[in-house]
Amino acid sequence: MHDAERVTLARLPSGVELETTVHTYGDGDGPTLYVQAAQHGREINGSEVLRRLHAELLARQDDFSGTLIAVPVADPITFDRVSYTAPEPLDSVNANMNRCWPGDEDGTLHERMAATLWEYAGDADAIVDLHTGGLEMLPHTVYLKGDAECRALAEAFGIDLLLAEAAGEDADAEWQDRDFGGKLRVAATQEGIPTITPELAHNTELVEDAIDAGLAGMLDTLRHLDMLPGEPASKNATVARNHLGRVKAADSGLFHVDGPVELGDYVEPGDYVGTLYDPTSYEALQEVTVDREGIVYSLEREATVTAGSNLVGVALLLEE
Ligand SMILES: [Zn+2]
């Protein structure tokens, strides 16, 4: 039922082999689900979700069918640094592992690591890439806009807020500029594998609410794929919204959030969020208001901001 394998992801400059553990459950009959956590190493709640899922699956092995491949620490480099990106000496080209899928076995360190994991992920029938936002981000699940299978997977996972992200030629300039085409979710969806990215809450902390939501989401995903009996819990309240509706900093300075707007609030154009000011002259540089109607799903709480950075994320109602 269960097998755990140590896999070499890449070789470090010192000659040390960078390894991780790949867990496989099931007997090979039926669909294959690939799930990974912590490719952004400080996003640790997904790793704990997979530890608890492991115990659940061993307790339910008679009910389980299909194959689950689970990688609790997809990027040991960023995991050990409790970081989001690799240090420059290790990968100056692809510091963010989630920009280089499906990887390249002859490429940079992160590309090689991704290529190794892609040997497992690339044969799957569905993929869940567990991520974790910060305190400033509402839990949500991202899927490819317009893709019914991805949306069904996201609905099954069951976090209230679904964000549809356009890709390729349908996407905006920011999407291109930030190499979003190299996300595991995007690369896999393009290969015909329905893929979702749940963003739980609270990176760097193990938080019960986030872990519970992640575990329930994984079990419901397995039910959705008929790998466990039963149906996913009803998700009637779920409303899909557009990703990437953002208010940006017009200048650099300190961003003081002193308006009434909080995460999860429904806002309208003109609602006041806070003020961006010059910390030396005290001059107000930008009165930050939202420019659209929707739900606030991210709010910058690290006050030192640079021009063009995202201050507020507002998810718009999706018409599809
Ligand atoms: Zn992440």
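Whatever order the structure lists ligands and atoms in, that order sets their numbers, starting from 1. Heads up: numbering here begins at 1 and tracks the sequence.
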_Spacing of His110 atom NE2 and Asn96 atom CG [to the nearest 0.5 Å]_ = 7.5 Å

*Not counting sequence neighbours, which residues clear side-chain hydrogen bond (donor to acceptor under 3.5 Å, both in side chains) with Thr275? List them please.*
Tyr272

*Measure the CD-CG distance between Gln39 and Asp75 for me, rounded to the nearest 0.5 Å.*
7.5 Å

*asked:* Are Val71 and Phe79 linked, directly or through intermediate hydrophobic residues, by side-chain heavy-atom contacts shorter than 4.5 Å (ILVMFWY only)?
replied: no

*asked:* To the closest 0.5 Å, what do you measure between CG (Asp63) and CG (Leu222)?
replied: 11.5 Å

*What's within reach of the Zn ion (ligand 1), meaning protein N/O/S atoms under 2.8 Å?*
His40 ND1, Glu43 OE1, Glu43 OE2, His131 ND1

*Glu136 atom CD: more than 12 heavy-atom contacts under 6.0 Å*: yes

